[in-house]
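Owing to the predicted nature of the structure, the values given are computational and were not obtained by experimental measurement.
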Amino acid sequence: MIKSNQTLFSQFLLLGLPIPAEHQELFFVLFLAMYLTTILGNLIIIILIRLDSHLHTPMYFFLSNLSFSDLCFSSVTMPKLLQNMQSQDTSITYAGCLTQMYFFVLFGGLEIFLLVVMAYDRYVAICLPLHYTSIMSLKLCVCAVMISWVFNMLYSMLHTLLLARLSFCEDNMIRHFFCDMSALFKLACSDIYINELMIFILGGPLMVIPFLLIVVSYVQIIFSILKASSTRAIYKVFSTCGSHLTVVSLFYGTIIGLYLCPSDNNFTAKEASIAMMYTVVTPMLNPFIYSLRNRDIKEALINVLIKKIPL
């Protein structure tokens, strides 16, 4: 059913986070520190993998792409949030809102695809070790990443174009701290049936199928571990897969929490916390998870610090 009082907006207003005014400065410093940590941590991972030839393997190739995706994913929303927390003007242009949503969907989807190919990489390394080099060739790795980029660019463009066809009512207040698709749907006067249908047809499988592939990969890995007689071999498998499992759990855990959270017209503290988890906290923690649990990354960092790697 189409609502009345349709209005053409040149800009929206972002409600922001439900933070009391007296705590704004404290949270601004906290979020700024988290964002800078995200940028620095993921840049260090990318640079280490680029500099250390021992890290020029499929696993670290995918990890460097994941770090780049995390860096960009956080940068889509955090700079605007930080700016709004220090400004009385919380507006965002219509074009800026669509652009933010496009890149948010793009890098969010890219992260899902990269987690899947990283799970497949671990499956081949543990279950098919003798064929690892031939299967995980440079050509396959580059193709997997390129396909992830192309698919998610097209998927993001589809939702952006579908959103651009909507008209909006008199209320231009987005009850979120960024241009979230569901928050924009609540402001639409036009029929959003096609938008929701595309989310159901494409978005659902985009979330569920990768998750199932990751689960299948790790089920196969667990069976392979149970066949191993060496305790040392089992420990090595857990140490190499533990980081990836932790990241997958963080990413999908927040998404599951988001969908279990009841949706209404108010942007609650619970919804804000979940949104901050997958836009800021997870990208910030990923470099620490991979570096603290990964001996290769630690050794590469030490080598760079003591200038043993020739530039």
Side-chain angles (χ1 to χ4, degrees), residues 34-50 55-81 99-122 136 138 140-160 178-181 202-203 206-207 209-211 213-214 217 243-255 258 274-291 293-294 297:
M34 293 171 68
Y35 178 58
L36 293 177
T37 303
T38 301
I39 298 297
L40 182 62
N42 284 291
L43 277 177
I44 288 174
I45 294 289
I46 294 169
I47 292 169
L48 287 178
I49 293 172
R50 176 68 181 87
L55 301 181
H56 293 175
T57 63
M59 182 176 74
Y60 293 109
F61 173 73
F62 294 134
L63 177 57
S64 64
N65 279 274
L66 181 67
S67 292
F68 178 75
S69 176
D70 280 335
L71 187 156
C72 295
F73 188 53
S74 187
S75 296
V76 170
T77 57
M78 284 305 293
K80 183 60 179 174
L81 171 63
T99 302
Q100 188 184 58
M101 194 208 73
Y102 171 82
F103 284 107
F104 181 82
V105 175
L106 169 62
F107 290 113
L110 186 62
E111 180 140 350
I112 293 173
F113 273 66
L114 289 172
L115 289 175
V116 173
V117 294
M118 290 174 77
Y120 179 71
D121 172 76
R122 292 300 83 204
M136 300 305 297
L138 177 61
L140 177 68
C141 295
V142 172
C143 284
V145 172
M146 290 299 296
I147 289 171
S148 300
W149 272 97
V150 171
F151 179 86
N152 283 289
M153 287 172 69
L154 294 174
Y155 178 73
S156 303
M157 183 57 69
L158 171 65
H159 283 297
T160 304
F178 66 93
C179 291
D180 180 62
M181 201 184 305
L202 297 176
L206 180 64
M207 295 297 301
I209 293 176
F211 179 72
L213 291 174
I214 292 172
S217 296
S243 301
H244 183 255
L245 271 175
T246 305
V247 171
V248 170
S249 301
L250 272 173
F251 187 80
Y252 274 98
T254 53
I255 290 175
L258 180 66
I274 295 172
M276 289 300 293
M277 275 295 296
Y278 67 79
T279 57
V280 184
V281 178
T282 302
M284 179 188 71
L285 291 179
N286 285 356
F288 293 99
I289 293 169
Y290 279 105
S291 59
R293 299 178 62 94
N294 193 303
I297 294 290

From M101 atom CE to F178 atom CZ, the distance as rounded to the nearest 0.5 Å: 11.0 Å
Approximate separation, where rounding is to 0.5 Å, of I214 CD1 and L245 CG: 9.0 Å
For the student: nearest non-hydrogen atoms of Y120 and M136, plus distance: CE2-SD, 3.8 Å
For F211, ring pair (Phe, Tyr, Trp, His ring centres under 6.0 Å) partners two or more places apart: Y252
Chi angles and distances behind the side chain to side chain contact (heavy atoms under 4.5 Å, CB included) call for Y60, I297: CA-CA 9 Å; Y60 293 109; I297 294 290; 3.9 Å; yes
T99: partners by side chain to side chain donor-acceptor pair (under 3.5 Å), with sequence neighbours left out: none
Distance, nearest 0.5 Å, that separates CZ of R50 from CG of L43: 14.5 Å
Partner set under side chain to side chain contact (heavy atoms under 4.5 Å, CB included) for I46, not counting sequence neighbours: S67, F68
Pairs involving residues 151-160, ordered by first then second residue, that meet side chain to side chain donor-acceptor pair (under 3.5 Å) (sequence neighbours left out): Y155-H159
Non-neighbouring partners of V117 that pass side chain to side chain contact (heavy atoms under 4.5 Å, CB included), sequence neighbours left out: F62, L114, A144
Any residue meeting side chain to side chain contact (heavy atoms under 4.5 Å, CB included) with L285, in chain and number order, not counting sequence neighbours: L250, V281, I289
Shortest non-hydrogen contact from S69 toward E111: OG-N, 3.8 Å
Min side-chain heavy-atom separation V145-F61 under 4.5 Å: yes
CE (M277) with more than 12 external heavy atoms under 6.0 Å: yes
Residues forming a ring pair (Phe, Tyr, Trp, His ring centres under 6.0 Å) with F73, sequence neighbours excluded: F104
Side-chain heavy atoms of Y102 within contact of M157, under 4.5 Å: yes
Non-hydrogen atoms of L81 and M276 that approach each other most closely: CD2-SD, 4.2 Å
V142/M146 under side chain to side chain contact (heavy atoms under 4.5 Å, CB included): CA gap, chis, key distance, verdict: CA-CA 6 Å; V142 172; M146 290 299 296; 4.1 Å; yes
Between CE on residue M118 and OG on residue S217, distance to nearest 0.5 Å: 12.5 Å
F151: partners by ring pair (Phe, Tyr, Trp, His ring centres under 6.0 Å), with sequence neighbours left out: F113
Reported CG-to-CG distance for the pair L115 and L110, which is rounded to 0.5 angstrom: 9.5 Å
Please list every donor-acceptor pair under 3.5 Å in which a side-chain atom of residues 34-42 meets a protein atom from a residue at least two apart or in another chain.
residue, atom, partner, partner atom, Å
Y35, OH, S75, OG, 2.8
T37, OG1, A33, O, 2.6
T38, OG1, M34, O, 2.8
N42, ND2, T38, O, 2.8
N42, ND2, P283, O, 3.2

Distance in Å, L154 CG paired with L106 CG, rounded so as to fall on 0.5 Å steps: 10.0 Å
Side chain to side chain donor-acceptor pair (under 3.5 Å) partners for N286, two or more places apart: D70
Non-neighbouring partners of I209 that pass side chain to side chain contact (heavy atoms under 4.5 Å, CB included), sequence neighbours left out: P205, L213
Side chain to side chain contact (heavy atoms under 4.5 Å, CB included) evaluation trace for I112 with F251: CA-CA 9 Å; I112 293 173; F251 187 80; 3.4 Å; yes
